[in-house]
Number of protein chains: 2
Amino acid sequence: MANQPITSYSTAPEVDALVNDLIGRVADKWTLLVLEQLEEGGEQRFGALARAVPGISQKMLTQTLRAMERDGLVIRTVHPVIPPHVDYRLTTLGHSLGEAFCGVWHWAEANLAAVQRSRSAFDARD
Amino acid sequence: MANQPITSYSTAPEVDALVNDLIGRVADKWTLLVLEQLEEGGEQRFGALARAVPGISQKMLTQTLRAMERDGLVIRTVHPVIPPHVDYRLTTLGHSLGEAFCGVWHWAEANLAAVQRSRSAFDARD
DNA sequence: CCGTATCCGCCTTGATACTG
DNA sequence: CAGTATCAAGGCGGATACGG
């Protein structure tokens, strides 16, 4: 396969695309909120999550939890009782993702004011 | 304003919402790719970015760069010549965001295989 | 070369109603 | 209580054409 072009770096282009897709999935608004809620509240029921995450619809919660389960971020535990009782908790992988996002979270907290100032200045042009 | 409820944490709920919005803005697919490209390529022209970011349309590139400029992540420099010549480079703030995202980037790289395995296992259920 | 404007299809999301 | 199904609506993103 000869030499790689000099513009390439450590990882292969296709892997880069996969990594980007993964980030896109995982950086979703609802996923972030659910992740946060599971981090601070520990194992919780579907209804508890629905109440805790502001503005999420049942559909989006189900969809988000399914995707997270499929990606190995959460464990879904069904207790076969009536009425149904389903618990969700983070996996080790899910936890590690939460930690990885801490950096972004801190950045956003630390620089929110700066961004707001920048926006005001920009909007006041002309 | 008396005591805060015991379930609250360091930041106020409204700030939390603002922080979430900010993350939503900044975690956008195209923003991430443009940020990456500016990190590794330094100051570049509009056309160079258009060529470097795979699959982006002119419209999305313009839109993304405007939003980043407004948020104080990039500096736009117009050289008043014919034909026009416009350069973009990261601000300190933009650079710091790139560093904050490194954690997520590394997580995605390190755990891509694990996620793919989880997905395969999930899809093979039943 | 850089950017704006317009149109249009599609995908995501929310609301609602219903089942186990 | 937890989840699915259906439908309508809105926004996002792409293609194209044009302006400075």
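Chain identifiers are assigned alphabetically (A, B, ...) following the order of the sequence lines, protein sequences preceding nucleic acid strands; residue numbering begins at 1 within each chain.
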Original post:
If you check every side-chain atom of A:W30, which of D:dG20, D:dA2, C:dG14 has the closest atom?
Top reply: C:dG14
Original post:
OP1 or OP2 of C:dG3 sitting under 4.0 Å from any side-chain N/O of B:R76?
Top reply: yes
Original post:
Atom NE2 of B:H95 and atom CG of B:L35: how far apart are they, to the nearest 0.5 Å?
Top reply: 9.0 Å
Original post:
Rounding to a whole Å, what distance do you find between A:E69:CD and D:dA2:P?
Top reply: 15 Å
Original post:
For D:dT4, does either OP1 or OP2 sit under 4.0 Å from a side-chain N or O belonging to A:R66?
Top reply: yes
Subject >> Selection from C:dG3, D:dC1, C:dT6 that lies nearest to any side-chain heavy atom of A:P83 >> reply: D:dC1
**OP:** Would you give the length of the straight line joining atom NE2 of A:H85 to atom OG1 of A:T77, rounded to the nearest 0.5 angstrom?
**Re:** 9.0 Å
Original post:
To the nearest Å, how far apart are A:I56 CD1 and C:dG14 C1'?
Top reply: 12 Å
Original post:
For B:Y88 and C:dG3, is the shortest distance between a side-chain N/O and OP1 or OP2 below 4.0 Å?
Top reply: yes
**OP:** State which of D:dG13, D:dT4, C:dC2 makes the closest approach to the side chain of B:F46.
**Re:** C:dC2
Original post:
Can you find a donor-acceptor N/O pair under 3.5 angstrom joining the side chain of B:Q58 to the base of D:dG14?
Top reply: no
Subject >> Inter-residue atom distance A:L97.CG - A:C102.SG, 0.5 Å rounding >> reply: 10.0 Å
**OP:** Return the 5'-most residue of the pair B:P84, A:D87 with respect to DNA chain D, ranking by each residue's nearest nucleotide.
**Re:** A:D87
Original post:
Given that B:A48 and A:M60 both sit by DNA chain C, which one's nearest nucleotide is further toward the 5' end?
Top reply: B:A48
Subject >> Spacing of A:R25 atom CZ relative to C:dT12 atom C1', expressed in whole Å >> reply: 14 Å
Original post:
To the nearest 0.5 Å, how far apart are CZ in B:R25 and CD1 in B:I23?
Top reply: 13.5 Å
**OP:** Let me know the distance between NZ of B:K29 and P of C:dC11, rounded to the nearest Å.
**Re:** 13 Å
Subject >> Spatial distance of atom CG (A:L38) from atom CD (A:E43) [nearest 0.5 Å] >> reply: 9.5 Å
**OP:** Rounded off to whole Å, could you give me the CG-to-P distance for the A:D28 and C:dC11 pair?
**Re:** 17 Å
Original post:
Looking at C:dA15, D:dT4, D:dG14, which one has an atom nearest to any side-chain atom of A:K59?
Top reply: C:dA15
Original post:
Would you say C:dC1 has OP1 or OP2 under 4.0 Å from some side-chain N or O of B:R45?
Top reply: no
Original post:
Once you round it to whole Å, what is the distance between C1' of D:dA2 and CD of A:Q63?
Top reply: 16 Å
Original post:
Between D:dC1 atom P and A:L65 atom CG, what is the distance in whole Å?
Top reply: 17 Å
Original post:
Roughly, in whole Å, what's the span from CD in B:Q44 to P in C:dC2?
Top reply: 12 Å
